[in-house]
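Right, I'll just put the structure down here and ask away after.
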Amino acid sequence: MATDTRLYLFTSGSTRTEMQFLTLNQGHGEPVSPPLPFYVVTHPEGNVLIDGGNPLAVAEDKRAYWGEIVDLFDPVMSPEDHVVAQLEATGIDPESIRYVVQTHLHIDHTGAIGHFPNAKFIIQRRELDYARSPLYIDAGVYLPADIAKTGEVDWLFLDGYDDDGYDVHGDGVIRLLFTPGHAPGHTSVLVSLPETGEVLLAIDAAYTMAHFEQMALPGVVNSGVDLARSVARLRRVADRGGALVVPGHDPTTRETLKHAPEYYG
Ligand SMILES: [Zn+2]
């Protein structure tokens, strides 16, 4: 198993939906199938999982777990697409995961919760607080069955801008950027690799490169003002370090990126 620093990109299946849910106020009725990514950074001081795609229950009986949400966001996922199965298939021992970065708690990012008992889960405190009692505009994107499991998790809490740039191993390899807007406690991730250089995982601050390029907002917005500021901030970070930018749910960009078992070193 790899002990050097590598970034692996995985996809936990996809979602059949309509364009207006990917990009705000655009493409009503137009079908689109965005991917559901998660990421692993292998590191000599402990491996890090960033999100976990969909929960396993979605692959088993999506309507039983998600209910009517599947009429708007129809997940296409088999049990082999779950995070634990994919790590095992790639030769990454799930027990080697020391940290899980939970970038936010939307339903398509919660696949690691309830797994990885050896890991500390890192999250913005305000994200967990909000997920437990969201406003009606966000009620559909936080699943009570997922949030019920968060009581069992060993959390490491971050407090917004006070902890901005949190360095997971203390060596500059993985830094967590507070980027609220899509969700109140949303985190983006800057990974610094020995050969590739900087990779900016925008996560859902930018579903697509059009969102990163400030041409539109994602279809799910908690605060448009916060989100626009977060994207402006991510663009400065990417410019400064010449980062490779990875958007959160881009059906086209992801075809140009390396996927596990390939990796960025
Ligand atoms: Zn999201």
Side-chain angles (χ1 to χ4, degrees), residues 9-26 32-39 49-55 58 62 65-66 69-70 72-77 83 100-113 121-124 126-132 134-147 149-150 158 176-189 200-212 216-224 226-231 234 245-251 253-254:
L9 279 58
F10 294 86
T11 301
S12 175
S14 61
T15 309
R16 276 189 294 247
T17 187
E18 294 176 8
M19 193 60 171
Q20 77 264 25
F21 300 117
L22 191 70
T23 292
L24 197 64
N25 294 331
Q26 290 184 22
V32 66
S33 288
L36 303 183
F38 62 90
Y39 311 89
L49 172 66
I50 300 164
D51 287 336
N54 282 334
V58 171
K62 56 192 177 186
Y65 197 66
W66 275 12
I69 294 164
V70 300
L72 298 177
F73 301 94
D74 182 12
V76 181
M77 179 190 180
V83 56
V100 177
V101 176
Q102 193 65 56
T103 66
H104 61 308
L105 286 166
H106 286 170
I107 54 172
D108 53 338
H109 292 256
T110 55
I113 295 174
F121 281 58
I122 306 174
I123 194 169
Q124 294 287 339
R126 68 193 66 187
E127 180 67 9
L128 183 56
D129 288 348
Y130 184 74
R132 287 175 171 161
L135 293 169
Y136 81 95
I137 53 167
D138 288 317
V141 290
Y142 295 101
L143 192 76
D146 286 341
I147 307 310
K149 292 187 231 161
T150 61
L158 301 180
L176 306 184
L177 308 177
F178 178 51
T179 49
H182 172 70
H186 185 275
T187 296
S188 302
V189 184
L200 179 60
L201 307 176
I203 314 295
D204 289 0
Y207 283 174
T208 70
M209 284 309 288
H211 303 162
F212 188 76
L217 289 173
V220 175
V221 177
N222 171 262
S223 162
D226 286 352
L227 182 51
R229 283 199 183 113
S230 291
V231 170
L234 288 175
V245 176
V246 179
H249 295 291
D250 195 325
T253 310
R254 292 189 67 79

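Note that the structure is predicted; figures quoted are calculated from it, not measured. We count ligands from 1, going down the list as the structure has it; atoms in each ligand are counted the same way.
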Result for side chain to side chain donor-acceptor pair (under 3.5 Å) between T103 and one of T187, T179, D51 points to D51
Inter-residue atom distance F38.CZ - T11.OG1, 0.5 Å rounding:
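Taking CZ in F38 and OG1 in T11, the distance rounds to 8.0 Å.
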Can you name the side-chain hydrogen bond (donor to acceptor under 3.5 Å, both in side chains) partners of Q26, sequence neighbours left out?
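Partners of Q26 under the side-chain hydrogen bond (donor to acceptor under 3.5 Å, both in side chains) test: none.
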Sort out for me which residue in H186, H104, H106 forms a side chain to side chain donor-acceptor pair (under 3.5 Å) with D204.
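Filter result, single survivor: H104.
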What residues, two or more places apart in sequence or in another chain, satisfy side-chain hydrogen bond (donor to acceptor under 3.5 Å, both in side chains) together with R16?
D74
For a distance under 2.8 Å, give residue and atom name for each protein N, O or S atom next to the Zn ion (ligand 1).
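Only H104 NE2, H106 ND1, H182 NE2, D204 OD2 fall inside 2.8 Å of the Zn ion (ligand 1).
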Set of side-chain contact (heavy atoms from CB on, under 4.5 Å) partners for P247, sequence neighbours left out
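Result, side-chain contact (heavy atoms from CB on, under 4.5 Å) vs P247: M209, D250, T253.
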